[in-house]
Amino acid sequence: MCGIIGINSKKPVSASIINSLKKLEYRGYDSAGIATLHAGSINEVKSEGRVDNLEKNSVVQNMVGTIGIGHVRWATHGLPNSINAHPHSSQNVSVVHNGIIENSTLLKKFLVSKGHKFKSQTDTEVIVHLITENLKTENIVNSITKTLKSLHGSFALGIIFKDQPDLIIGARRGSPLAVGYGPNENYLGSDSYALKSMTNKITYLSDGEFCVIKKDHVEFFNEDGIKINKKVLELSSEEEKYDKGDYKHFMAKEIEEQPSTLKNGIKEYVDTSNNDINIFNFPWKTNEISTITLIGCGTAYHSCLMARYWFEELTNLNVNVDIASEFRYRKNRFKKDTLYVFVSQSGETADTYAALSLCKSKEMKTCSVVNVIESSIARDSEFVLPIHCGTEIGVASTKAFLGQILILYLLALKLGFLRKDLKRELFNKKLKDLKELPDLVQQTLLTDNKIQTISKTFNDAKGSMFLGRGFSYPIALEGALKLKELSYIHAEGYPAGEMKHGPLALIEEGMPVVVLAPRDDYYKKTISNMQEVIARGAKVLLITNKSKDEIISENIWETIEVETTNADLLPFLLTVPLQKLAYYSALKKGYDIDKPRNLAKSVTVE
Ligand code: M6R
């Protein structure tokens, strides 16, 4: 989380810094700040809340410095207020930081003993004072090398110095950072997305490296302060135009974009003329893989859980699913015949990235399913399967979820077919059904009015539950995550069969419970579990698919019927009403739908 921008130019930089910070707001939005250097002094302005607040400040509007750094914050240490906002500055140095300094308490003690005075509650301020202290005896490069060696934890840093009118330092350990090159100016940014409006020439820093950015050139150093050469990458020069259009929120737009997400994914991967799935340059032979381990966080983890059912159904592979923050610290038995698949929309999630790095250090086979193809996870994995769903701005992931599960489904189908676990005839049939999916999702989007009315009951309740079995269980988890994330209502996703092992005790008169019971192999069992919660007073919203068979159950509060397709594909359809339920519930409460409280789009700290 948190976003960094730095610009070293011959022109005033504050307006460009503010523009870039707006693009970086998806990384954190509880406060923002800017520092520019002019006539030998550092001018710093910070404000609580969104970048808009910072922009309105008249001091920012009149800043004339031609070198500066900016930051959007997602608080780790200290309240989200303007004192704790970045940059943090001493007399000589100003710093923006993304990450966590784990030994900040110890360092602070040492620095206080040396006479340094602290203003904020942040871990970042120790970096400012440590550099200031080291500058007493060292030159700039040595003071940075020495400071970085004292820090434990993760960071991306942008640093300017009072008496250096042509210098920004950038440093990376564990948090992404990129350098951009422009005419007579150069840039530093948390990602290429923030830099793309200024340049398409980028260099990504690797862990342990730092850079010295001057107006006309950039130098790179390794952790020992030794100069290194880095490649300049040329990204596509088209800056993606992405706005809300006529929608009130990005999330609403992104939900409606899902048929095209699926269409694009199918177009990219399915060869309709030869009835095949194009996964070119897959670097391993199928007989080299006997296990697949799927790893992600949040919604991406739910995609992994979803994929488990398909891999088990369509292949004879062993399947493991893991939450990245757990996987990275467990005593894993790494096996050469395992394919490790990392799922991430942003491709920058710290835990997923760390899990990937761990697998790479063990020389495992690594593959990623990502949306942002320039991301750290995409760059560092051996093989990448992009989901092609375009920019996703809403913090609550919607179209990326359908994009991820589509690609994982295609991978399961392809591996099943190549391994001969899946017969040609069935493979063809499943591909044929898949082609219909975007239209079915489009029709499912029409369930709008009913969900708007239903959402009121959820808003009035103390809590809610989402139940499903088999293919529907990960979707129940995803539905509950969306509701809690957006409307701050307590919501639990549960396997329907587990209810009587404890959670049934939570059911009380009038509690809203979503039951996902499509007409698949689990249908009858789920309907029995539904009756058990109805008998205890729950208000059940049943989500099933259209069928000529009547639903044999009484006292269902509301029913939503999605379109019908083969059982593998029903999870795509079941997801849509749950996304809308969360959206309308938050809308009625007047919450900030695209930027829910306490969250950020890209979670770059662990
Ligand atoms: O960028 P990633 O897919 O790696 O992000 C993982 C989670 O942080 C993300 O899915 C999060 O759970 C969403 N806000 C859920 O809507």
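Residues take their numbers from the sequence shown, with the count starting at 1. Note that this is a predicted model, so its numbers are computed, not measured. Every number for a ligand or one of its atoms is a count from 1 in the order of the listing.
Side chain to side chain, K482 and T299 meet the donor-acceptor criterion of an N or O pair below 3.5 Å. Between Y584 and D448, the side chains place a donor N or O and an acceptor N or O closer than 3.5 Å (distance only, hydrogens not considered).
With hydrogens left out, the protein atom closest to atom 6 (C) of ligand 1 is C297 O, 3.3 Å, a heavy atom. Scanning the protein heavy atoms around atom 1 (O) of ligand 1, the nearest turns out to be S346 OG, 2.7 Å. The single protein non-hydrogen atom nearest to atom 2 (P) of ligand 1 is T349 OG1, 3.2 Å, given as residue, atom name and distance.
Near A300, meaning under 4.0 Å from one of its heavy atoms, ligand 1 places the atoms 3 (O), 10 (O). For ligand 1, the atoms closer than 4.0 angstrom to any heavy atom of A396 are 16 (O). Near V603, meaning under 4.0 Å from one of its heavy atoms, ligand 1 places the atoms 8 (O). Listed by number with element, the atoms of ligand 1 under 4.0 Å from a non-hydrogen atom of K482 are 15 (C), 16 (O). Residue G298 has at least one heavy-atom neighbour below 4.0 Å for each of these atoms of ligand 1: 12 (O).
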| Which is it for E257 and K253 under the salt bridge (charged side-chain N to carboxylate O under 4.0 Å, His left out) test, yes or no, and what are the steps along the way? | CA-CA 6 Å; E257 278 173 357; K253 182 170 188 239; 3.3 Å; yes
| task | Go through R50 and D592 one step at a time and tell me if the salt bridge (charged side-chain N to carboxylate O under 4.0 Å, His left out) criterion holds. | result | CA-CA 12 Å; R50 307 290 156 87; D592 190 341; 2.8 Å; yes
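Checking only distances, E485 does come within under 3.5 Å of ligand 1, N or O to N or O. Checked by distance only, ligand 1 and V395 come closer than 3.5 Å through their nitrogen or oxygen atoms.
Inter-residue side-chain proximity for L339 and L317 is flagged as unmet; no heavy-atom pair is nearer than 4.5 Å. The shortest distance between side-chain heavy atoms of Q345 and K601 falls below 4.5 Å. Looking at L574 and P518, their side chains come closer than 4.5 Å, going by heavy atoms from C-beta outward.
For the side-chain contact (heavy atoms from CB on, under 4.5 Å) with L177, the qualifying choice from N98, L157, L188 is L188, the only one to do so. Each of V576, L516, T444 was checked for a side-chain contact (heavy atoms from CB on, under 4.5 Å) with V562, and the lone residue meeting it is T444.
Considering only non-hydrogen atoms, atom 3 (O) of ligand 1 lies nearest to Q345 out of E478, Q404, Q345.
Heavy atoms of T299 found under 4.0 angstrom from ligand 1 belong to the backbone as well as the side chain.
Ligand 1 lies out of reach of S602, whose nearest heavy atom is not under 4.0 Å from it.
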